[in-house]
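Shown next, in structure tokens, is the structure this report addresses.
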Amino acid sequence: MGAVQIVSTVIAAAITAVAVYYVVKAVQQMTKVIKMGQPDPTRSNDRGTRTITMLRETLGHTKMLKWTVVGAAHWFVMMGFILLSSLVLQAYFEVVDPHAGLPLLDGWVVFGFVTEWLTILGIAAILALIVIRLTNLPTKKRWSRFAGSTQWQGYFVEYIILAVLILGLIIRALSVATKHFDYPVWATPLSHALGAVMPANSTAITIVALIKICVSMIWAIVIGMNVTMGVAWHRFLAFPNIFFKRNADGAPALGALKPMMSGGKPIDLEEADPDKDTFGVSKVEDFSWKGLLDFSTCTECGRCQSQCPAWNTGKPLSPKLVVLSLRDHAYAKLQGATDSKLPSIGTTGSPVALAAAEAERPLVGTAAENAVIDYDALWSCTTCGACVEQCPVDIEHVDHIVDMRRYQVMIESSFPAEAGAMLRNLENKGNPWGAPPNTREDWTKGLEFPVPRVGEAEDFEYLFWVGCAGAFEDKAKKTTRAVATLLNEAGVSFAILGNNETCTGDPARRIGNEFVYQMLAQQNVETLKESGALKIVATCPHCFNTIGNEYKELGLDIEVVHHTELLAHLVKTGKLTPVKPIEGGLTYHDPCYLGRHNRVFTPPREVLNQAAQGGITEMGRREERSFCCGAGGARMYMEETIGKRINVERTEEALATGAKTIAVGCPFCSTMLFDAKTSKGAEDVEVIDVASVLLRSIKA
Ligand code: SF4
Ligand code: SF4
């Protein structure tokens, strides 16, 4: 071994030892912080399915590929990172002996071929990602998904990967030039082409291999010193974070909310002990360990932010910034409590002092209070689920936001004042508007057929769950009557609960009032069990979601369909036949709680494509990427005073299609879009439910 090799070996060993030290410390820190979260025993069931889900989402990139170009580029970078790690390992052999190869793999043509093409495609892919980042900088685009991301970390990771790939290519070319490269030209064409112009210098291989090791270890040292550098750590954390996601089968954390937990168990508020149980999240360590793992895993990609209706209309909420704020706060507060000797880059003072300062900050509050999460940000969320849908590492934003709301509402009584009336009305009258409960059946007046109540009907196939909007709100009542008429026309037997129905509790639950939710839900579960119903049809996606997904926790397991699903079935089976298509063009708005939360995308479209002339003129943002109307998460009952109104943003998109009919499948979307189109002066445009569209087509 020559002098160059000896010196290179010593340097490589020294920098590797430093890197290993920092990475091991970082892993210990991270593990300690994550373990400070609350227990959650629901995350480790069905390990076989979880493993398949994890492999499908990581190796198959099923979520990343929803953004095709970025997803494909990221796949090559990820595979390059995994497989080309072997070439970093090879560099350790090369600093000792420039012509040494990896045991077992060296000279195997498949290895040469795969690493060659992963290098080429990896370089192309990382360049594509760099260009995408540069063309989407917050300085260039106001609503950039990278706004608020730690830019230097993104650049650092991207340029390190690019450097490692290029250095690997140079080593291969030098090996060709020195005639120590055993792979054929067809398998490794670029290495051979570059080798033709490289000097035959073996010492150069050692030096480049050393540079490659140093670059790789600098990356390891920097990420080891920055435990919150999600853009790098997600390469490792994404695997457990996806494995432990809420739904083992891979479904996103949408539909039902995570139950309110204390000590790892769902809380039954009738039996809760205020001295022992926690109600929601008041401090960062009240999140479960999975919550803390979520925050640690965020890649800062900003996909969630790019889809968030609140962020896109100028509200102070970005799901990414919520996650990053919680992450930085958690590590600043908890890291100092676990180790006083390892300050992170970018922080000043000792970890202990930093932890003490962080512990003083309220989790939710105002900027003047130096709160971690801004009060207005917390209340801007519509729980639309667009963030959860898009997150490539399966972070569960909605559950975290609602957990923080729970504490604010139930313990602090702190929430937008105007929502107080809604909560009082739910408690006193069983509906959000405070309408007299004995007027729930008024919508049936004037119908040309009798609408039987449960108990009166001999036998019925569907219990028609009308919902509060469907019973009390004028526009929604038209939908209720249209659905009843269509079911009657199709010969479907149904019955209603009438005055025995009460709110499902959805707005109370989404605002964070688990007391009121559980009170209403338990009452409804009892009523539904007594009704003997086997199937329920609901017109409101919020009722559909709550009864179908959330009442299971209370012991009600019953088939629930949305009316658009039932109508699509009736059209398909010839029980209802549209005869005259609706003219003037029609577009369809996917309600969040029907589409994204419950994956009902096709049935309303099947009905509308039959009932509208020329079918649907789709909006750009639709199905999984549909844009919220602004009413979810109990936002329907709060003022919207910050930024542009969400319903206006969505309605402008609908009006831009030129369609004269905006079809919806939710009474709240209907109100929001109607109000917005009225404010835009679009008098010739109608906002109506899918059922009303079908009824018109049939009656015509
Ligand atoms: S649920 Fe919707 S509104 Fe709330 S943070 Fe996510 S994307 Fe934004
Ligand atoms: S929360 Fe998910 S989607 Fe949002 S920035 Fe982090 S990794 Fe990306």
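We count ligands from 1, going down the list as the structure has it; atoms in each ligand are counted the same way.
Aromatic ring centroids of Phe81 and Trp219 lie under 6.0 Å apart. Aromatic ring centroids of Phe287 and Phe295 lie under 6.0 Å apart.
In terms of protein heavy atoms, atom 6 (Fe) of ligand 1 is closest to Cys387 SG, 2.3 Å. The protein heavy atom nearest to atom 2 (Fe) of ligand 1 is Cys384 SG, 2.3 Å. Ranking protein heavy atoms by distance to atom 8 (Fe) of ligand 1, first place goes to Cys308 SG, 2.3 Å. Atom 4 (Fe) of ligand 1 has its closest protein heavy atom at Cys381 SG, 2.3 Å.
Of all the atoms in ligand 1, the ones that sit under 4.0 Å from a non-hydrogen atom of Leu317 are 5 (S). Against a heavy-atom cut-off of under 4.0 Å, His397 is close to the following atoms of ligand 2: 1 (S). The ligand atoms of ligand 2 that sit less than 4.0 angstrom from a heavy atom of Val393 are 7 (S). Counting atoms of ligand 2 from 1 in the listed order, those under 4.0 Å from a heavy atom of Cys391 are 1 (S), 2 (Fe), 3 (S), 7 (S). Near Lys320, the atoms of ligand 2 lying under 4.0 angstrom from a non-hydrogen atom of the residue are 5 (S). For ligand 1, the atoms closer than 4.0 angstrom to any heavy atom of Val398 are 1 (S). Ligand-side atoms of ligand 1 in range of Gly385: 1 (S), 2 (Fe), range being under 4.0 angstrom from any heavy atom.
Checking each of Glu396, Lys290, His234 against Asn241 for a side chain to side chain donor-acceptor pair (under 3.5 Å) leaves exactly one that passes, namely Lys290.
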TODO: Please report the C-alpha distance between Leu257 and Arg510 in whole Å, then the side-chain angles of each, then the deciding distance to 0.1 Å, and finally whether the side-chain contact (heavy atoms from CB on, under 4.5 Å) criterion is met.
DONE: CA-CA 8 Å; Leu257 270 178; Arg510 262 78 200 160; 3.6 Å; yes
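Atom 4 (Fe) of ligand 2 has Cys304 among its coordinating residues (N/O/S atom, backbone or side chain, under 2.8 Å).
The two residues Pro604 and Thr564 come nearest to each other via the heavy atoms CD-OG1, 3.8 Å.
Side-chain polar atoms of Thr504 and Tyr551 form no donor-acceptor pair below 3.5 angstrom.
A salt bridge does not link Arg596 with Glu623: every distance from a Lys NZ or Arg NE/NH1/NH2 to an Asp or Glu carboxylate oxygen is 4.0 Å or more. Using a cut-off of 4.0 Å between Lys/Arg side-chain N and Asp/Glu carboxylate O, Glu389 and Arg599 are scored as salt-bridged.
The shortest heavy-atom distance from Glu300 to ligand 2 is under 4.0 Å. For Gly302, the heavy-atom gap to ligand 2 drops under 4.0 angstrom.
With a heavy-atom cut-off of 4.0 Å, Thr299 touches ligand 2 through backbone and side chain alike. In Val388, neither the side chain nor the backbone holds a heavy atom less than 4.0 Å from any atom of ligand 1. If you look at Thr383 next to ligand 1, the close heavy atoms, those under 4.0 Å, all belong to the backbone.
Residues Phe515 and Met410 meet the side-chain proximity criterion, which asks for heavy atoms closer than 4.5 Å.
Using modelled atom types, one side-chain atom of Gln518 and one backbone atom of Ile267 make a donor-acceptor pair closer than 3.5 Å.
Separation of atoms CG (Leu55) and CZ (Phe239) is listed at 8.5 Å; rounding is to 0.5 Å.
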